[in-house]
Amino acid sequence: MTQSTPATSATSTTSIHAEERTLTLTLCSIAFRNDPIEDIVTRAAALGFDGVEVFAKQIEEHDDEALLALRRLADEHRIALPVISPYFAFTRGQKEYDDAIATARRCVHAAQILGATRIRTFTDVAATGIGSDIATDAHWEQCVRGLRVVTALDRGLQFVVETHGHTLADTVDATLKLLERVDAPNLKVLYQPTTFRHHEGVDASFDALRPHTAHLHLQQQGTADGQGWLEAPGEIDYPAFFDRLKRSGYRGTVSLEYCFKGVTWERVEAGYRYLAKHLRD
């Protein structure tokens with residue numbers, strides 16, 4: 001179901017700006033989930049980000065007019081809105097399955113107006129989610145059915161499945177199994193190095209999933225309080241991973257993602273400068 005929207009025929013500098021670089025550096029707006037998305041867009045643009053990954057809850061109350069205004073704001077600041085990030089849960093029962101489909105429909109409509117090309121996709125969320133180690137055939141069947149439904153809503157959009165614990169994309173084998181079973185050309189991978197740091201390894205997992213990867217999340221290094229800095233020493237050798245990423249020829253989007261509360265713009269700016277130092281052409 002590909003919908004026509006008022007923005008479909010609009011001339012947009014957003015897409016022009018996004019194509020100026022071979023790799024797009026974006027900021028996940030979930031870091032400032034309680035702030036207006038418009039404020040985040042303008043501040044991210046001022047720091048030098050190429051785009052903002054829009055946390056879906058921040059546009060839940062936006063009607064078409066408000067979404068068009070957000071797109072115009074982004075265009076004015078020469079910044080893209082390439083990814084919308086909702087939460088889906090396909091393995092928790094019928095109600096949450098139905099809610100996920102409804103959320104996907106809203107996000108597809110918003111993406112068509114904002115000019116987004118990707119929708120962040122989960123199979124389940126939170127520490128209580130169904131991981132591949134405990135999933136039953138019924139869990140797999142329901143998830144595969146749900147992903148087939150949402151990816152068919154608009155084949156022009158990529159649905160990027162986030163690798164994450166307690167989901168059906170928590171290991172390399174499970175992620176590849178999911179892609180194979182859904183068999184949708186626009187189902188891709190959102191690769192997170194942190195998912196694999198304790199098993200499988202960053203290098204091996206990235207190499208295995210690289211052909212399917214269209215988006216990345218880069219997060220803070222773990223600390224006792226869970227509020228580290230991206231550039232802090234830790235379990236992941238980010239400079240080495242950045243070299244691997246560039247050698248791979250990756251040309252998608254890369255998001256700086258801070259999920260903990262109390263994130264400061266100082267921390268975000270430092271993270272951006274670190275990414276720009278290593279990943280800018």
Side-chain angles (χ1 to χ4, degrees), residues 1-5 30 53-57 59-60 82-114 116-192 195-196 200 205 208-217 252-253 255:
M1 180 189 73
T2 303
Q3 300 181 32
S4 174
T5 72
I30 194 173
E53 178 177 336
V54 178
F55 184 43
K57 285 190 175 296
I59 56 171
E60 271 186 338
V83 186
I84 298 178
S85 292
Y87 283 106
F88 300 145
F90 294 117
T91 54
R92 293 182 180 231
Q94 192 61 46
K95 182 184 183 306
E96 294 203 44
Y97 175 95
D98 292 342
D99 289 344
I101 300 298
T103 297
R105 292 184 186 279
R106 291 194 299 271
C107 287
V108 165
H109 181 69
Q112 291 168 342
I113 294 176
L114 294 177
T117 57
R118 298 178 176 94
I119 294 179
R120 191 275 302 274
T121 302
F122 270 114
T123 67
D124 203 341
V125 293
T128 58
I130 301 296
S132 63
D133 58 334
I134 62 172
T136 65
D137 288 343
H139 289 130
W140 277 96
E141 289 169 6
Q142 188 173 45
C143 184
V144 168
R145 183 168 67 253
L147 289 175
R148 285 176 176 168
V149 170
V150 300
T151 53
L153 294 174
D154 187 338
R155 293 297 188 192
L157 290 173
Q158 293 180 331
F159 290 77
V160 288
V161 176
E162 182 168 324
T163 60
H164 200 287
H166 304 286
T167 75
L168 297 187
D170 55 3
T171 69
V172 168
D173 286 347
T175 305
L176 293 174
K177 176 182 177 180
L178 194 66
L179 295 175
E180 181 179 8
R181 288 193 58 178
V182 176
D183 192 26
N186 57 329
L187 185 66
K188 302 296 182 181
V189 171
L190 191 173
Y191 178 81
Q192 293 191 133
T195 305
F196 305 99
E200 300 178 286
S205 62
L209 295 176
R210 165 66 188 91
H212 311 283
T213 298
H215 188 40
L216 283 90
H217 275 177
T253 42
S255 271

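Everything quoted here is computed from the prediction, not taken from an experiment.
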For the pair Leu176 and Leu209, evaluate side-chain contact (heavy atoms from CB on, under 4.5 Å) and give the outcome as yes or no after the intermediate values. CA-CA 8 Å; Leu176 293 174; Leu209 295 176; 3.8 Å; yes

How many angstroms lie between [atom1] in [X] and [atom2] in [Y], if you round to the nearest 0.5 Å?
X      : Y      : atom1 : atom2 : answer
Thr123 : Ile130 : OG1   : CD1   : 9.5 Å
Glu162 : Thr167 : CD    : OG1   : 8.0 Å
Leu168 : Cys143 : CG    : SG    : 5.0 Å
Glu53  : Ile119 : CD    : CD1   : 11.5 Å
Glu60  : Arg106 : CD    : CZ    : 6.5 Å
Asn186 : Leu157 : CG    : CG    : 7.5 Å

Arg145 side chain vs Phe90 backbone, donor-acceptor pair below 3.5 Å: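 No, the answer is negative, given that no donor and acceptor are paired below the 3.5 Å cut-off.
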
Side-chain (Arg120) to main-chain (Ile84) donor-acceptor, under 3.5 angstrom: no

Report the C-alpha separation of Val149 and Tyr97 in whole Å, then their side-chain angles, then the decisive distance to 0.1 Å, and conclude whether the side-chain contact (heavy atoms from CB on, under 4.5 Å) test is met. CA-CA 11 Å; Val149 170; Tyr97 175 95; 4.1 Å; yes

Evaluate the side-chain proximity of [Y] to [X]: yes if any heavy-atom separation is below 4.5 Å, no if none is.
X      : Y      : value
Leu178 : Trp140 : yes
Ile59  : Leu114 : yes
Leu147 : Phe159 : no
Thr175 : Val161 : no
His164 : Gln192 : yes
Leu179 : Leu187 : yes

Nearest heavy-atom pair of [X] and [Y]: which atoms, and what distance?
X      : Y      : answer
Arg148 : Arg181 : NH2-O, 2.6 Å
Ala104 : Val150 : CB-CG1, 3.4 Å
Ala214 : Val160 : CB-CG1, 3.9 Å
Gly131 : Asp170 : CA-OD2, 3.5 Å
Asp124 : Thr91  : OD2-OG1, 2.8 Å
Ala184 : Arg155 : CB-NH1, 3.6 Å

Side chains of [X] and [Y], donor plus acceptor under 3.5 Å:
X      : Y      : value
Gln158 : His215 : no
Arg210 : Thr213 : no
Ser205 : Glu200 : no

Take atom CG in Asp133; do more than 12 heavy atoms of anything else shown fall under 6.0 Å from it? yes

Glu180 atom CD: more than 12 heavy-atom contacts under 6.0 Å: no

Taking salt bridge (charged side-chain N to carboxylate O under 4.0 Å, His left out) as the test, write out the residues that go with Asp99, two or more places apart. Lys95

For the pair Tyr87 and Phe122, name the ring-plane relationship: parallel under 30°, tilted 30 to 60°, perpendicular over 60°.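 Judged by the thresholds at 30° and 60°, the geometry between Tyr87 and Phe122 is parallel.
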
Residue of the set Glu96, His166, Arg92 for which side-chain contact (heavy atoms from CB on, under 4.5 Å) holds with Val125: Arg92

